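Note sheet for the following structure.
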Amino acid sequence: EPLFLAMLGLALPACERALREERTRSVVVAALLAAVTTLVRSIGLPLVGALVVGLLLRRRFRAAAVGAAVAGALLLPWHVWTSVHADDLPRVVAGSYGSYTAAFGEALDANGVGYVARVARYNVRDLARPIGAVFAPGVGATTRALIVLAVVGVLGVGSSVLARRAPVTALFLLGYA
């Protein structure tokens with residue numbers, strides 16, 4: 001989605017800057033951009049979390065609280081409104097166009113807290129399938145496994161470099177996945 005990508009292109013550098021600078025203004029701008037990005041697409045929510053976690057990891061507790069409060073001030077009214085009007089959508093379309101928060105809450109109610117771990121485990125295990133399809137189509141199982149391991153190794157090295165150079169981006173991608 002172009003608008004989401006455009007907003008993400010503005011928000012990520014602002015969040016990285018907020019981690020580097022000791023200015024409250026940088027945190028406020030980053031939190032505003034992260035929240036607006038989330039209002040464009042709810043998958044932007046991990047960006048708010050990445051900013052706050054990044055600040056906490058740097059022991060900037062006041063800045064983390066400011067970032068969470070600013071983002072929360074923008075996001076809370078929308079979440080309240082969508083919760084109040086969740087039943088207005090026909091059940092058939094609610095999964096695609098309704099609140100992800102409501103769908104997530106229903107899944108937790110039906111499957112318990114362990115549901116999150118089961119979904120994460122499934123996604124990690126299933127990661128080899130698309131990597132193999134892209135990087136090793138039409139080869140034998142052993143060759144495919146070796147190629148998948150090599151790609152995962154390169155991704156691991158790249159991720160550790162990214163975590164050092166752009167921690168908010170790394171945390172966001174972790175939450176996005």
Side-chain angles (χ1 to χ4, degrees), residues 1-84 86 95-127 155-156 158-177:
E1 185 167 306
L3 180 57
F4 175 73
L5 290 176
M7 289 304 303
L8 194 59
L10 295 172
L12 276 171
C15 289
E16 298 294 353
R17 191 175 313 109
L19 252 63
R20 287 191 311 271
E21 296 178 357
E22 295 289 329
R23 297 172 32 210
T24 302
R25 182 179 185 276
S26 296
V27 173
V28 169
V29 168
L32 286 170
L33 286 169
V36 170
T37 301
T38 302
L39 290 172
V40 170
R41 283 209 61 215
S42 60
I43 193 61
L45 189 59
L47 181 56
V48 174
L51 172 63
V52 172
V53 168
L55 291 166
L56 289 172
L57 290 173
R58 292 178 188 262
R59 305 189 61 77
R60 293 179 54 200
F61 303 115
R62 182 181 173 282
V66 167
V70 168
L74 259 67
L75 295 173
L76 186 62
W78 175 248
H79 282 284
V80 168
W81 189 88
T82 57
S83 294
V84 168
S96 297
Y97 299 102
S99 165
Y100 291 131
T101 307
F104 183 69
E106 288 176 15
L108 281 179
D109 286 345
N111 301 299
V113 179
Y115 171 74
V116 176
R118 287 191 303 277
V119 168
R121 237 186 345 266
Y122 173 83
N123 287 338
V124 168
R125 268 192 257 129
D126 195 48
L127 189 61
L155 286 173
S159 296
S160 69
V161 171
L162 181 63
R164 284 192 305 277
R165 293 185 180 174
V168 172
T169 304
L171 288 167
F172 168 70
L173 290 173
L174 187 63
Y176 188 86

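No experiment lies behind these values; they were computed from the predicted model shown.
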Atom pair CD (Glu1) and CE (Met7), whose distance is rounded to the nearest 0.5 Å: 12.0 Å
Min side-chain heavy-atom separation Val168-Leu47 under 4.5 Å: yes
Check: Leu19 main-chain N/O paired with Arg60 side-chain donor or acceptor under 3.5 Å: yes
Donor-acceptor side-chain pairing of Thr24 and Arg62 below 3.5 angstrom: yes
Interatomic distance, Leu171 atom CG to Leu51 atom CG [nearest 0.5 angstrom]: 10.0 Å
Short side-chain to backbone donor-acceptor contact, Asn111 and Ala107, under 3.5 Å: yes
Heavy-atom closest contact (Arg58 atom, Pro167 atom, distance): NH2-CG, 3.4 Å
Any Val161 side-chain heavy atom under 4.5 Å of Arg164 side chain: yes
Least distance between heavy atoms, Ala18 atom then Ser26 atom: CB-O, 3.6 Å
Taking every non-hydrogen atom, the tightest pair across Pro46 and Ser42: CD-O, 4.3 Å
CG on Leu45 to OG1 on Thr37, rounded to 0.5 Å: 11.5 Å
Glu16 (side chain) donor-acceptor with Thr169 (main chain) under 3.5 angstrom: yes
Set of residues satisfying ring pair (Phe, Tyr, Trp, His ring centres under 6.0 Å) with respect to Tyr176, sequence neighbours excluded: Phe172
Rounded distance (nearest 0.5 Å) linking atom CG of Leu155 with atom OG of Ser160: 11.0 Å
Nearest heavy-atom neighbours spanning Gly67 and Val52: C-CG2, 4.4 Å
Minimum-distance pair of heavy atoms, taken over all atoms of Val66 and Val27: CG1-CG1, 4.3 Å
Distance (rounded to the nearest 0.5 Å) between Leu39 CG and His79 NE2: 7.5 Å
More than 12 heavy atoms from other groups under 6.0 Å of CZ on Phe61: yes
Residue pair Leu108 / Val116, side-chain heavy-atom distance below 4.5 Å: yes
Over all atoms of both residues, closest heavy-atom pair of Leu33 and Leu10: CD1-O, 3.9 Å
